[in-house]
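Everything on this sheet refers to the single structure shown next.
Computed over heavy atoms, backbone and side chain alike; hydrogens, waters and symmetry mates excluded.
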Amino acid sequence: MGVFALTLRLFHAEVRKLLLIIGLAVSFIILFQCFSFSYGKIFVPSPTSKISVVKLVINATTLNDSNMAELFINVVANDTNGSDPEEEARYKHNTLEANTGSDSSSEVNRYLDGSFSKFKDQNSHERKSKPRITQVAAKGLQSSNLSSGTSSSFLGANLSSPRNAETSIGTQHTNFKPLQIESAITVSQMNSLLLQSIDSSRSLRPRRSSARDRELLSARLEIGNARVSRKVPVLHASVYQNISKFERSYEMMEQILKVYIYKEGVKPIFHQPKMRGIYASEGWFMKLMEGNKKFVVKDPRRAHLFYLPFSSNMLRSALNGQDFQHVKDLQKYLKDYVELIAGKYSFWNRTGGADHFLVACHDWAINLTKNIRSCIRALCNSNAAKGFEIGKDTTLPVTYIRSMEAPLENLGGKPPSERNILAFFAGGMHGYLRPILLQYWQNKESDLKIFGPMPRDVEGKRKYREHMKSSKYCICAKGYEVHTPRVVESIYYECVPVIISDNYVPPFFEVLNWEAFAILVQEKDIPSLRNILLSIPEEKYLEMHARVKLVQRHFLWHKRPVKYDLFHMILHSVWYNRVFHIKTR
C-alpha cells in the first residue's frame, strides 16, 4: 500500500511538472509574439461602439538617437462609419475635403488620437531581408536613420475605399485579405509603361473598319512624324515630353475630332454636373462638353469618341439610398447602363468600348468603373498600383472649385524674390501619410510651415492662400487616396509642387514633363524632405518656378473654354490615348 501511494504521489508530481513546462512554453510564445512580431508590428483589435478599429503600433527609429519616432495610427475598418466626424462626413454625406490646415499642435494631436507609442527598432536586419506583408490594405513607408543607417517602417492604411467597403452597409465589422506591399513606381518606370502600352495595346480590334478609324490612323502617323515647329509661341519645349508631337496632336484634334454624347441616363447620376467642391473637375468637363458645338455631333456615325456622361460623385451619393445598399450595386448600375447602350447601338460592341470614355473624380471611381474598364477612363484617383492603366487611362486633375462664377479668383502668387518660406503644407489628417509628415516636420524648422487643419472661415482661407503664394515649394501630400487638389492649387498660386504620393500618375502624363516643374518625392524620403529641397540650386528653382507659370494655362477652367485650357487638355489626353491605341483589322 505504501508503494502504491508513493507511486501515485510521484505521478502527480510529474504531471504538475509537465503542466508547468507547458505553461511556461505557452507564456514564452505569447511574449515572443508580442515583443518580436515579424516586421516589428503588433496588431491589437480595439472595437468601438460603431466600427472595428485596428491599432497599428510600429517600431520606428528617427533622425537621431535622442528623438525616438512615435506613431499611433487608427485604421478605420468600415465603409461609411468613420472614426471621426470629418471622415464620416466625407464618405457618408459626401462633404468637401478640408482644403486648409492649421498651425495649432493641439488640433493636430486631436487627429492623431493624442498619443504616440514608442518602440526601439530591434528587427532592422530581419525587415531588410524579408518582404513586407500586412494583413490589411496598408501602404509601407520606409525611413532611414541618418545617424545609424538603420531602417524602420511606418505602416498605415486607408480602409475607407470601395475595395474594402464591399460588405453590406448594415455590417459593422469588415474582413480584410492580406495584401503584398509593392515598391513605388518611379517616373522613369511610368514612362516605360507608357511606351509599352503604345507598343502592345490590348485594345480590341474593331469588328469592322470605319472611315473614323482610318482618320485616326492617319492622325497617328502624322503625329508620330511631327517635326519641330515654332508656330505656337505660348508653348515652351521644356515642359513637354515632346513638344512637336503635342503641338501636332492638339492641332489635329481641333481639326478632325468628333464626339458623340449618349442621351441615355437619368438625372442626377447622368447629365447633371456638380461644379463646386473637390470633385468639380468631372462636373465642369460634363457641363462644357455637353454645351460644346465644335466637337459634339448628333450623328454617332460621325464620332471618333463616345462620352458616357455620368457623375461618380452623384453615383457615390446614391449609396444607402432606396436602390443602392452595396458598392457592388453601384458597379452593376454602370454595367447595366453600358449593356443598355450596347444593346441599343452598335458602337460599344464594335470596339469593345475602346473608343468610349468617361470622366470621374470621386475617390471610388477607379473601383466603381472596373466592370467597364475597357473604355478610356479619365480619373482623379490615378493609382498605377491599383488598376489605373498608364497609356489607356488618363489622369483627371483635382480642382477644388469654390465659386462657379469666378473659378480663377485669386490666381497667381508672389515673385520668387518675395517667397520667404521654403515649403508649406496644411490640411486634415486624411490617410496614413499626413500624420507622418507632421510628426517629422511640424514645428521642427522655421523655414518649413507644416500644419494640420486651419480654420475654414474667411480668415483661415486667406492665410492658406497667403502661405501658398509666399512659399517656394508647396507640399502635395496624398490623403485617403493618391490624388490631392494641392497639385493644381500649387500651380494656380505659382508655387513649385512637391508631390509625395507613391504610384500617383500626374495629370496629362502623356504629354507633360513633370520633372521639369515639380519635385516628386517618394514617401520613404519624408525624413530627408528638407535636405532634398535645400539641395536644389537657386538657379534650378527659378527655372522650375518659371515653368510652373508656363503650364498654368493647362490647369485653368474657363466658363467659355479657351485654347490649351483644362477642358481642352482633358479632351486631348483622351484623344491622344485613343489615337495611339487604335487597332486595325
Side-chain angles (χ1 to χ4, degrees), residues 187 190-195 197-199 201 212-259 285 288-289 292-296 304-305 355 357 359 376 378 390-397 487-488 491 494 497 505-518 543-558 560-582:
V187 175
M190 289 182 186
N191 280 317
S192 297
L193 290 171
L194 180 61
L195 294 175
S197 72
I198 294 173
D199 295 336
S201 171
R212 307 291 84 79
D213 293 338
R214 291 189 289 274
E215 289 173 349
L216 292 180
L217 288 169
S218 177
R220 176 175 177 166
L221 185 62
E222 285 202 40
I223 295 168
N225 295 329
R227 295 183 179 181
V228 177
S229 171
R230 303 294 181 190
K231 293 187 297 183
V232 187
V234 296
L235 302 181
H236 195 279
S238 64
V239 299
Y240 301 97
Q241 301 272 15
N242 186 316
I243 189 172
S244 302
K245 283 188 175 182
F246 171 66
E247 185 179 312
R248 186 63 181 135
S249 176
Y250 191 96
E251 182 181 12
M252 298 205 71
M253 177 190 76
E254 288 190 314
Q255 290 176 359
I256 70 172
L257 176 61
K258 299 301 176 187
V259 178
F285 182 86
L288 298 177
M289 189 79 255
N292 189 276
K293 295 181 180 180
K294 178 178 178 61
F295 297 109
V296 176
H304 304 89
L305 290 168
D355 54 358
F357 74 98
V359 178
I376 301 168
I390 297 176
K392 178 186 76 69
D393 298 330
T394 185
T395 303
L396 180 66
V487 176
V488 175
I491 297 171
E494 298 169 2
V505 183
F508 315 133
F509 186 74
E510 305 83 6
V511 296
L512 292 183
N513 176 18
W514 276 85
E515 291 178 301
F517 58 89
E543 289 178 351
M544 297 183 78
H545 178 266
R547 291 167 181 165
V548 167
K549 297 179 71 173
L550 289 172
V551 298
Q552 189 185 68
R553 70 180 71 249
H554 297 321
F555 294 89
L556 304 180
W557 289 115
H558 297 272
R560 292 185 178 180
V562 300
K563 197 177 181 86
Y564 300 120
D565 72 352
L566 188 46
F567 168 75
H568 285 101
M569 289 298 290
I570 296 169
L571 188 60
H572 174 266
S573 284
V574 175
W575 148 269
Y576 189 88
N577 285 359
R578 175 55 182 156
V579 165
F580 280 95
H581 283 78
I582 187 171

Inset, instruction - Taking salt bridge (charged side-chain N to carboxylate O under 4.0 Å, His left out) as the test, write out the residues that go with Lys563, two or more places apart. - result: Glu254
Inset, instruction - Return the set of residues passing salt bridge (charged side-chain N to carboxylate O under 4.0 Å, His left out) with Arg553 (not counting sequence neighbours), or none when no residue passes. - result: none
Legend entry - Straight-line distance of Phe357 CZ to Ile570 CD1, nearest 0.5 Å: 10.0 Å
Inset, instruction - Mind checking ring pair (Phe, Tyr, Trp, His ring centres under 6.0 Å) for Tyr564 and listing every partner two or more places apart, or none if nothing turns up? - result: Tyr250
Legend entry - Partner set under ring pair (Phe, Tyr, Trp, His ring centres under 6.0 Å) for Tyr576, not counting sequence neighbours: His572, Phe580
Inset, instruction - Any chance you could lay out the side-chain contact (heavy atoms from CB on, under 4.5 Å) test for Trp514 and Val487, step after step, and finish with the verdict? - result: CA-CA 11 Å; Trp514 276 85; Val487 176; 3.8 Å; yes
Legend entry - Flag, side chain of Arg547 to backbone of Ala516, donor-acceptor distance under 3.5 Å: yes
Inset, instruction - To the nearest 0.5 angstrom, please state how far the CG atom of Asn242 sits from the CG atom of Asn513. - result: 11.0 Å
Legend entry - His554 side chain to Leu566 backbone, donor-acceptor under 3.5 Å: no
Legend entry - For Glu494, all residues meeting salt bridge (charged side-chain N to carboxylate O under 4.0 Å, His left out), sequence neighbours excluded: none
Inset, instruction - Would you check if the side chain of Asn577 reaches a backbone N or O of Lys392 as a donor-acceptor pair within less than 3.5 Å? - result: yes
Inset, instruction - Find out whether Gln552 and Leu556 are in side-chain contact, i.e. whether some heavy atom of one side chain is under 4.5 Å from a heavy atom of the other. - result: yes
Inset, instruction - With side-chain contact (heavy atoms from CB on, under 4.5 Å) as the test, would you mind laying out the steps for Leu512 and Phe517 before giving the verdict? - result: CA-CA 10 Å; Leu512 292 183; Phe517 58 89; 4.3 Å; yes
Inset, instruction - Please report the C-alpha distance between Phe246 and Phe508 in whole Å, then the side-chain angles of each, then the deciding distance to 0.1 Å, and finally whether the ring-ring contact (aromatic ring centres under 6.0 Å, His included) criterion is met. - result: CA-CA 11 Å; Phe246 171 66; Phe508 315 133; 9.2 Å; no
Legend entry - Nearest non-hydrogen partners of Glu215 and Ile256, listed with the distance: O-CD1, 4.1 Å
Legend entry - Nearest-0.5 Å distance that lies between atom CG in Asn292 and atom NE2 in His568: 6.5 Å
Inset, instruction - State, yes or no, whether a side-chain contact exists between Leu257 and Met252 at a heavy-atom distance under 4.5 Å. - result: no
Inset, instruction - Specify the closest pair of heavy atoms between Ala226 and Ser244, including all atoms of both residues, with the distance to one decimal. - result: CB-O, 3.5 Å
Legend entry - Backbone N/O of Ser249 and side chain of Trp575: donor-acceptor pair under 3.5 Å: yes
Inset, instruction - To the nearest 0.5 Å, tell me how far Met544 CE sits from Lys549 NZ. - result: 15.5 Å
Legend entry - Student check: side-chain heavy atoms of Pro507 and Phe555 closer than 4.5 Å: yes
Inset, instruction - Grab the two heavy atoms, one from Arg578 and one from Asp213, that are nearest each other, plus how far apart they are. - result: NH2-OD1, 4.1 Å
Legend entry - Pairs touching residues 505-514 that satisfy salt bridge (Lys or Arg N to Asp or Glu O under 4.0 Å), sequence neighbours left out: none
Inset, instruction - Report the C-alpha separation of Val259 and His304 in whole Å, then their side-chain angles, then the decisive distance to 0.1 Å, and conclude whether the side-chain contact (heavy atoms from CB on, under 4.5 Å) test is met. - result: CA-CA 6 Å; Val259 178; His304 304 89; over 6 Å; no
Legend entry - Distance (rounded to the nearest 0.5 Å) between Lys245 NZ and Glu222 CD: 13.5 Å
Inset, instruction - Give a yes or no on whether the backbone of Val562 and the side-chain of Asp565 come within a donor-acceptor separation of less than 3.5 Å. - result: yes
Legend entry - Shortest non-hydrogen contact between Thr394 and Val574, atoms and distance: CG2-CG2, 4.2 Å
Legend entry - Separation between CG of Leu550 and CD of Glu543, rounded to the nearest 0.5 Å: 11.5 Å
Legend entry - Sidechain-backbone polar pair: His236 side chain, Ser238 backbone, donor-acceptor under 3.5 Å: yes
Legend entry - For the student: nearest non-hydrogen atoms of Val579 and Ala219, plus distance: CG1-C, 4.4 Å
Inset, instruction - Using atom types as modelled and distance alone, determine if a side-chain donor or acceptor of Lys258 lies under 3.5 Å from a backbone N or O of Lys294. - result: yes
Legend entry - Check: Val505 main-chain N/O paired with Thr395 side-chain donor or acceptor under 3.5 Å: yes
Inset, instruction - Would you check, one step at a time, whether the test side-chain contact (heavy atoms from CB on, under 4.5 Å) holds for Ile390 with Ser197? - result: CA-CA 7 Å; Ile390 297 176; Ser197 72; 5.5 Å; no
Legend entry - Heavy-atom check, side chain of Ile198 versus side chain of Arg220, under 4.5 Å: yes
Inset, instruction - For residues Leu194 and Gly391, report the shortest heavy-atom separation together with the two atoms involved. - result: CD1-CA, 3.6 Å
Inset, instruction - Indicate the ring-plane relationship of Phe567 and Phe295, choosing parallel, tilted or perpendicular according to the 30° and 60° boundaries. - result: tilted
